[in-house]
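Okay, so here's the structure we're looking at.
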Amino acid sequence: MRAIQIDRFGTPDVLGIVDAPEPEPGAGEVLIRTVATSINPVDDKTREGAIGEGTPPLPMILGWDLAGIVVDGGDSGLRAGERVIAMSHQLGSGRGTWADLVALPARAVAAAPRSMSLVEAAALPLPGLTAWQTLDWLAVKAGERLLIAGAAGAVGGLALQIARARGAKVDALVSRDAQVAFARDRGADLVTTDRRALEGHAYDAVFDTFGAFVTEAVVDGGRYASIATQAGPVPDLASRGVRTTVNQVREDGAGLHELTKLVDSGSLQVRVHSTFSLQEIQAAHARFLQGGLAGKITVVF
Ligand SMILES: NC(=O)c1ccc[n+]([C@@H]2O[C@H](COP(=O)([O-])OP(=O)(O)OC[C@H]3O[C@@H](n4cnc5c(N)ncnc54)[C@H](OP(=O)(O)O)[C@@H]3O)[C@@H](O)[C@H]2O)c1
């Protein structure tokens with residue numbers, strides 16, 4: 001089968017298509033034929049060798065996101081031919097999704113949304129689960145005020161919509177004027193590119209996607225979650241009674257099921273910036289590196 005593998009770290013030209021052995025699904029696993037995947041910042045950092053400790057050994061197949069068709073559902077209840085989505089914790093397990101066939105634990109897999117193509121659905125799992133799980137940690141309740149820093153990014157844009165669906169009032173910090181309309185359209189009240197425009201000590205919860213550390217915005221006794229692992233820990237706010245975390249995404253089929261329901265009910269939209277073929281994987285990474293994206297880059301098998 002085809003797989004995107006690296007045998008050294010570096011620029012996108014280290015990405016190559018190899019002929020890899022087909023995986024044998026073990027007990028409790030589902031075998032999936034990949035239709036599409038997407039590029040996440042972690043794939044880029046892994047390819048560069050920027051992750052450091054905890055990186056799987058070389059050579060490695062990359063990729064976390066997957067949308068595809070079940071080949072063998074094992075005892076999962078998923079039937080052959082069913083459309084599914086999944087997220088594989090590639091750094092933890094070494095199991096990359098950028099391959100024609102992928103075997104994953106059934107608990108990491110869910111039925112794909114019916115209302116979108118598998119190419120669009122491939123942009124959902126990792127950013128969607130990060131948004132979902134971090135909002136769970138923040139325990140944002142209906143009527144509470146949430147600030148999202150990076151609200152037009154892949155994770156931030158989904159978090160904004162999920163938080164609105166949960167009834168929160170959301171304000172947004174974005175990086176450029178071009179992102180303002182997107183955040184407004186998805187239901188944010190105040191949208192600003194200027195952190196000085198944010199009200200101080202006003203937000204019950206802050207969801208920080210890029211290490212903004214806008215800690216002055218959270219109320220005393222509030223909650224502050226960052227997902228920007230590379231930016232380091234959130235400053236200690238214990239003296240103000242603020243709980244803090246740097247959240248790490250987990251494989252979570254039940255979470256994917258909830259995201260699928262939100263998509264099919266019309267409450268959650270996924271943005272695809274552009275789509276590349278597997279043969280164009282180097283160009284796809286090069287485009288990702290340029291930045292300035294409005295939506296995800298997906299890759300079709
Ligand atoms: N801990 C975890 O489990 C986990 C899971 C998923 C992602 N992550 C990390 O979380 C980060 C976000 O991921 P993502 O997929 O959402 O990336 P993304 O799509 O690039 O989104 C990041 C957003 O933050 C914006 N931004 C960056 N710097 C900014 C600044 N100074 N002021 C205002 N906005 C700014 C970016 O704007 P521009 O487009 O203008 O740059 C972009 O809209 C990445 O570092 C990723 O590695 C961690």
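The structure displayed is predicted, hence computed values, not measured ones. Indexing begins at 1, ligand by ligand and atom by atom, following the structure's order.
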Using heavy-atom distances, let me know which of Gly292, Ser175, Ala172, Ala294 sits nearest atom 37 (O) of ligand 1.
Ser175
Between Ile61 and Leu278, is there shared hydrophobic-cluster membership here, with clusters defined by ILVMFWY side-chain heavy atoms closer than 4.5 Å?
no
Considering only heavy atoms of Val174, which atoms of ligand 1 have at least one such atom less than 4.0 Å away?
33 (C), 34 (N)
Protein residue, atom and distance nearest to atom 11 (C) of ligand 1, heavy-atom basis
Thr209 O, 3.1 Å
Only heavy atoms count here, so choose which of Leu293, Ile227, Thr245 is nearest to atom 9 (C) of ligand 1.
Ile227
Atom 28 (N) of ligand 1 - nearest protein heavy atom and its distance
Phe210 CD1, 3.5 Å
Is the closest basic N to carboxylate O distance between Asp44 and Arg47 below 4.0 Å?
yes
Going by an N to O cut-off under 4.0 Å, is there a salt bridge joining Glu280 and Arg287?
no
Any sub-3.5 Å donor-acceptor pair from Tyr224's side-chain atoms to Asp208's backbone N or O?
no
Answer side chain, backbone, both or neither: which part of Arg176 comes under 4.0 Å from ligand 1, heavy atoms only.
side chain
Checking the side chain of Arg195 only, and the main-chain atoms of Ala212 only, is there a donor and an acceptor separated by less than 3.5 Å?
yes
Taking 4.0 angstrom as the limit and counting only heavy atoms of Lys45, give me the atoms of ligand 1 inside it, by number and element.
44 (C), 45 (O), 46 (C), 47 (O)
Under 4.0 Å from ligand 1, counting heavy atoms only, is it the side chain of Thr130, its backbone, both or neither?
side chain
Within the distance-only criterion (no hydrogens, no angle test), does the side chain of Thr37 pair as donor or acceptor with the backbone N or O of Asp65 below 3.5 angstrom?
yes
Can you establish whether the number of heavy atoms outside Arg107 located under 6.0 Å from its atom CZ is more than 12?
no
Who gets closest to atom 25 (C) of ligand 1 by heavy atom: Gly128, Gly150, Pro127, Ala228?
Gly150
Do you see a protein non-hydrogen atom under 4.0 Å from atom 40 (O) of ligand 1?
yes
Any side-chain heavy atom of Pro23 within less than 4.5 Å of one from Leu31?
yes
Under 3.5 Å: N/O of Leu173 near N/O of ligand 1:
no
Which residue holds the protein heavy atom closest to atom 20 (O) of ligand 1, what is that atom called, and what is the gap in Å?
Pro41 CG, 4.9 Å
Is Asn40 in contact with ligand 1, taking contact as a heavy-atom separation below 4.0 Å?
no
Taking Lys45 first and then Glu48, would you say they form a salt bridge - that is, a charged N and a carboxylate O separated by under 4.0 Å?
no
Tell me the contacting part of Asn247 for ligand 1: side chain, backbone, both, or neither, using a 4.0 Å heavy-atom threshold, strictly below.
backbone
Show which atoms of ligand 1 fall inside a sub-4.0 Å distance from at least one heavy-atom site of Gln179.
37 (O), 38 (P), 39 (O), 40 (O), 43 (O)
Heavy-atom distance under 4.5 Å between the side chains of Pro12 and Leu289, does that happen here?
yes
Arg195 touching ligand 1 at heavy-atom level, < 4.0 angstrom
no
Does Asp189 come within less than 4.0 Å of Arg164, counting only side-chain N to carboxylate O?
no
Tell me which part of Lys296 gets within contact of ligand 1: side chain, backbone, both or neither, using heavy atoms under 4.0 Å.
neither
Atoms of ligand 1, numbered as shown, that sit under 4.0 Å from any heavy atom of Val249
2 (C), 3 (O)
Provide the number and element of each atom of ligand 1 under 4.0 Å from a heavy atom of Thr229.
1 (N)
Closer than 4.0 angstrom, basic N to acidic O: yes or no for Glu29 and Arg95?
yes
Indicate yes or no: does an N/O atom of Val155 lie under 3.5 Å from an N/O atom of ligand 1?
yes
Between the side chains of Asp204 and Arg145, is the shortest nitrogen-to-carboxylate-oxygen separation below 4.0 Å, so that they form an ion pair?
no
Only heavy atoms of Ala152, strictly under 4.0 Å: list the atoms of ligand 1 that pass.
43 (O)
What I want to know is whether Ala154 and ligand 1 share at least one N or O pair that is separated by under 3.5 angstrom.
yes
Geometric class of the His89/Trp64 ring pair [parallel <30°, tilted 30-60°, perpendicular >60°]:
tilted
Using distance alone, decide if ligand 1 has a nitrogen or oxygen within less than 3.5 Å of any nitrogen or oxygen in Gly153.
yes
